[in-house]
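To start, the structure itself, in structure tokens.
All chains are named by letter (A, B, ...) in the order of the sequence lines, taking the proteins before the strands, and each is independently numbered beginning at 1. Side-chain atoms are counted along with the backbone in the values below, which use heavy atoms only and exclude waters and symmetry mates.
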Amino acid sequence: MPIRVYNTLSRQKEEFQTVVPGHVGMYLCGPTVYKPAHIGHMVGPVIFDTIKRYLTYSGFQVKFVINITDVDDKLIVRAQERGTTVEKLAAEMTQDYFDNLKIMSVDSVDLFPYATAHIPEMLAIIGKLVDAGQAYPLDGDVYFDVTKDADYGALSHRNISEMLAGARIEANDRKRHPADFALWKRSKPGEPAWDSPWGAGRPGWHIECSAMSMKYLGETLDIHGGGLDLMFPHHENELAQSESCTGKKFTRYWLHNGLMQGGKAAGKVGGGHDRHGDALLDKESQEAGKLAGSKGAASVKELFARHRPETVRFFLLATHYRSPIEFSDEGLIEAAKSLEGFYRLFESYQRVSGHSFYQLPAAARRATAPPLPDEPPGFFGELRLLRDRYLDAMDDDFNTGAAIGTLFEIRRAINNFIQEHNLEAAGAAQPRLVAGLTAAMTLLRELTGLLGVFVNPLPGPAAGDDQFTGELMNLVLELRAELRAAKNWPLSDKIRDRLARLKVVVEDRPSGAAWRRDA
RNA sequence: GGCGCCGUAGCCAAGUGGCUAAGGCAGCGGAUUGCAAAUCCGCCAUCGAGGGUUCGACUCCCCCCGGCGCCUCCA
């Protein structure tokens, strides 16, 4: 089944065909590094990291680029406020961004080019546009002339005259057309500046992405991603200036992810909107806003103090990437609960086989994945069906939500298999069935790995506990085992109940008692 | 004012012009267990309201109601 992707430009799903067969150039608009990242900044990276994993799995060689915008009005203002330099502020916030990506298991990015390191490339594009008469200098600024681009507005489906009907765009006498946008901006004294044929200045907002994406991925990108909010004006302008410069199609597939929502009344979180004023926000919205890191700027790191990164990543992928995500503590707690069953299964597998799920070899490419066994046919027939449903879902515009649904069904099928054959108690006597279990678990690892979840082991059952605590628990459970052997139920139950109050769960199994911290 | 999105069970969330509308969380009943935990089995929706197209729509069209985004250098 071919991969199909929804292209914002055509507003429909299209069969995915790359410029160079077998290769994918993918560009994602990265952050302006002027403040700590909030969770909304992680949405795009997580989604496109997942897309890269899946395309790689499907046999493509993918080059994935995310830019770092380290020169910008917001940076200049913020640096002045904090009494530091743009360079220092950018370096600090870039590191924060990288830290967060790492925590979120976004590790497939090949290159993070910096805007300030690509001024010559930008000037070259601007020069071409000026020479071609598609851009014009004006008092040290350079503007792109939107009337020279017949297709302007195609991506965001607007036309210039309609846009002018709204009162939002303020007329600027100096520009030829109100919708013209800056390619180059003259610098005021004290601001970062680079020499150019039009005088000292700095790049406009959109030109960096054209310069860096085309430098590293060629003049036609396969995939260009970003948040829906960037569709206009950023991507529209990027598209206009790039195609006007090269005369070639700039991007084959425009993919836009939905934005993080911060509660029903809060509007978008993380942006500068403040239509309602804080006083009008209800408590839930404020909480959500705080979570997502809007004004007041709770960072991603604060979020991770309360929720595992794996839970957050899973939560983000449980909804289709184009849909908005309602971020809430309740939602994350529910996501965490739904993951618990997988952890229990991994523990069960460990008991039965003596092997760690996390040590199973996860094929990064489908072509190199081990085939599923034929025996027992019922079990593996079902797994094949579920695996195919998973892959079909991913092929269909990276439908991670539907794919995740099949993971739960795979989990249930495996639990059934374990229970049906009594592998927990009698696994040792049935090596063939245990081998079958391992094959099934390997498939599960392969498929979950594509989403970037269950990649690394959680801290063990004694999470956060020292060796002393572990020994103490062993002692308690040993004594309790003697009580149970003597059928002293009141006392053994008391021990279990009191441990439960301490958030320690004891599971009495045929093979002995196991304990873990309650989630 | 312009462009656009969404409204599926208590909650989250896939999905299709026509077999039984995925899955998760919560809940209920059962198996298992000394009792629990974990696991398994079963139950739990007619798809915001109305109209239209069609042999047939939750899925297509129109309108209404409700929620939301962009048009403001926010990912």
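For A:N416 and B:C41, the shortest distance from a side-chain N or O to OP1 or OP2 is below 4.0 Å. Within the 4.0 Å cut-off from OP1 or OP2 of B:A38, not a single side-chain nitrogen or oxygen of A:N415 is found.
Between the P atoms of B:A49 and B:G66, the separation comes to 15 Å (whole Å). If you take atom C1' in B:G51 and the same atom in B:C65, they sit 15 Å apart, rounded to whole Å. Taking atom P in both B:U20 and B:U32, one finds a spacing of 33 Å when rounded to whole Å. Using atom P as the reference point in both B:U33 and B:U59, the two lie 49 Å apart (nearest Å). Atom P of B:G18 sits at a distance of 28 Å from the matching atom of B:C64, rounded to the whole Å. Distance check on atom C1': B:G10 versus B:C43 gives 16 Å, rounded to whole Å. Comparing the same atom, P, in B:A26 and in B:G15 gives a spacing of 24 Å after rounding to whole Å. When the C1' atom is used for both B:A21 and B:A38, the distance is 31 Å, rounded to whole Å.
With sequence neighbours left out, A:E191 forms a side chain to side chain donor-acceptor pair (under 3.5 Å) with A:R202. Residues passing the side-chain contact (heavy atoms from CB on, under 4.5 Å) test with A:A500, sequence neighbours excluded: none. Applying the side chain to side chain donor-acceptor pair (under 3.5 Å) criterion to A:E310, with sequence neighbours excluded, gives A:Y343. Residues passing the salt bridge (charged side-chain N to carboxylate O under 4.0 Å, His left out) test with A:D497: none are found, sequence neighbours excluded. Residues meeting the side chain to side chain donor-acceptor pair (under 3.5 Å) test with A:R78, sequence neighbours left out: none. Residues that satisfy the salt bridge (charged side-chain N to carboxylate O under 4.0 Å, His left out) test with A:E420, not counting sequence neighbours, are absent from this structure. A:K102 pairs by the salt bridge (charged side-chain N to carboxylate O under 4.0 Å, His left out) definition with nothing, not counting sequence neighbours. Here A:H320 pairs with nothing under the ring-ring contact (aromatic ring centres under 6.0 Å, His included) rule; sequence neighbours left out.
When rounded to the nearest whole Å, the span between NE2 of A:H235 and P of B:A75 equals 11 Å. Following rounding to the nearest Å, A:L28 (CG) and B:A75 (C1') show an atom-to-atom distance of 8 Å. Across the protein-nucleic acid pair, A:H206 atom NE2 and B:U72 atom P stand 10 Å apart, rounded to whole Å. As a whole-Å value, the separation of A:I418 CD1 from B:U39 P is 11 Å. Protein atom CZ of A:F342 is 16 Å distant from nucleotide atom P of B:A38, rounded to whole Å. Atom CG in A:D229 sits roughly 18 Å away from atom P in B:C68 (whole-Å rounding). At whole-Å resolution of the value, CG in A:L332 and P in B:A26 are 16 Å apart. If you measure from atom CD of A:E424 to atom P of B:A38, you get 14 Å, rounded to the nearest angstrom.
Heavy atoms of A:G204 sit nowhere under 4.0 angstrom from any nucleic acid atom. Looking at heavy-atom distances under 4.0 Å, A:S348 makes no contact with the nucleic acid at all. Using a 4.0 Å heavy-atom criterion, one finds that A:L228 contacts no nucleic acid atom at all.
B:U32 makes up no base pair with any nucleotide shown, lacking Watson-Crick or G-U wobble contacts both under 3.5 Å. Of the nucleotides present, B:C25 is the one that pairs with B:G10 by Watson-Crick or G-U wobble criteria, both distances under 3.5 Å. Across all strands shown, B:U16 forms no Watson-Crick or G-U wobble pair with both key distances under 3.5 Å. Using Watson-Crick or G-U wobble geometry with both donor-acceptor distances under 3.5 Å, B:G69 finds its partner in B:C3. Pair assignment for B:C60 gives B:G52, based on Watson-Crick or G-U wobble hydrogen-bonding distances that are each under 3.5 Å. The nucleotide B:A37 finds no pairing partner, because no Watson-Crick or G-U wobble arrangement with both distances shorter than 3.5 Å includes it. Nucleotide B:A45 is matched to nothing when pairs are restricted to Watson-Crick or G-U wobble geometry with both distances under 3.5 angstrom.
Nearest nucleotide to the A:T32 side chain, out of B:U39, B:C70, B:A75: B:A75. Side-chain proximity of A:T319 to the nucleotides B:U39, B:A75, B:A13 is greatest for B:A13. The A:R158 side chain lies nearest to B:C70 when the options are B:A75, B:A38, B:C70. Proximity note for A:H320 (side chain, C-beta onward) versus B:A14, B:A38, B:G2: the nearest is B:A14.
Using cut-offs of 30° and 60° on the angle between ring planes, the pair A:H256 and A:H235 is tilted. The aromatic rings of A:Y321 and A:F398 sit tilted, their planes meeting at an angle between 30° and 60°.
Annotation: proximity of residues 504-513 of chain A to RNA chain B (heavy atom, distance under 4.0 Å) is found for A:V505, A:V506, A:E507, A:D508, A:R509, numbered in ascending order. Within residues 482-497 of chain A, the residues approached by RNA chain B to less than 4.0 Å at the level of any non-hydrogen atom are A:R484, A:W489, A:D493, A:R496, in residue-number order.
Contact annotation: the side chain of A:F346 approaches that of A:F454 to within less than 4.5 Å [non-hydrogen atoms, C-beta and beyond]. The side-chain heavy atoms of A:F379 and A:L433, taken from C-beta on, include no pair separated by under 4.5 Å. Using a 4.5 Å heavy-atom threshold, the side chains of A:I51 and A:F64 count as separate. Using a 4.5 Å heavy-atom cutoff, the side chains of A:F112 and A:L101 are in contact.
When each of A:S323 and A:A413 is assigned the nucleotide of RNA chain B bearing its nearest heavy atom, the one mapping closer to the 5' terminus is A:S323.
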Just by protein heavy atoms under 4.0 Å, how would nucleotides 19-25 of chain B read 5' to 3' in B, S and -?
---BSBS

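Each of A:N7, A:D397, A:D396 was compared with A:K13 under the side-chain hydrogen bond (donor to acceptor under 3.5 Å, both in side chains) criterion, and only A:D396 meets it.
A salt bridge links A:R308 with A:E340: the closest approach of a Lys/Arg side-chain nitrogen to an acidic carboxylate oxygen falls below 4.0 angstrom. Between A:D392 and A:R389 there is no salt bridge, since no side-chain N of the basic residue sits under 4.0 Å from a carboxylate O of the acidic one.
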Report all interatomic pairs (protein N or O, nucleotide N or O of nucleotides 4-7 of chain B) with separations under 3.5 Å.
none

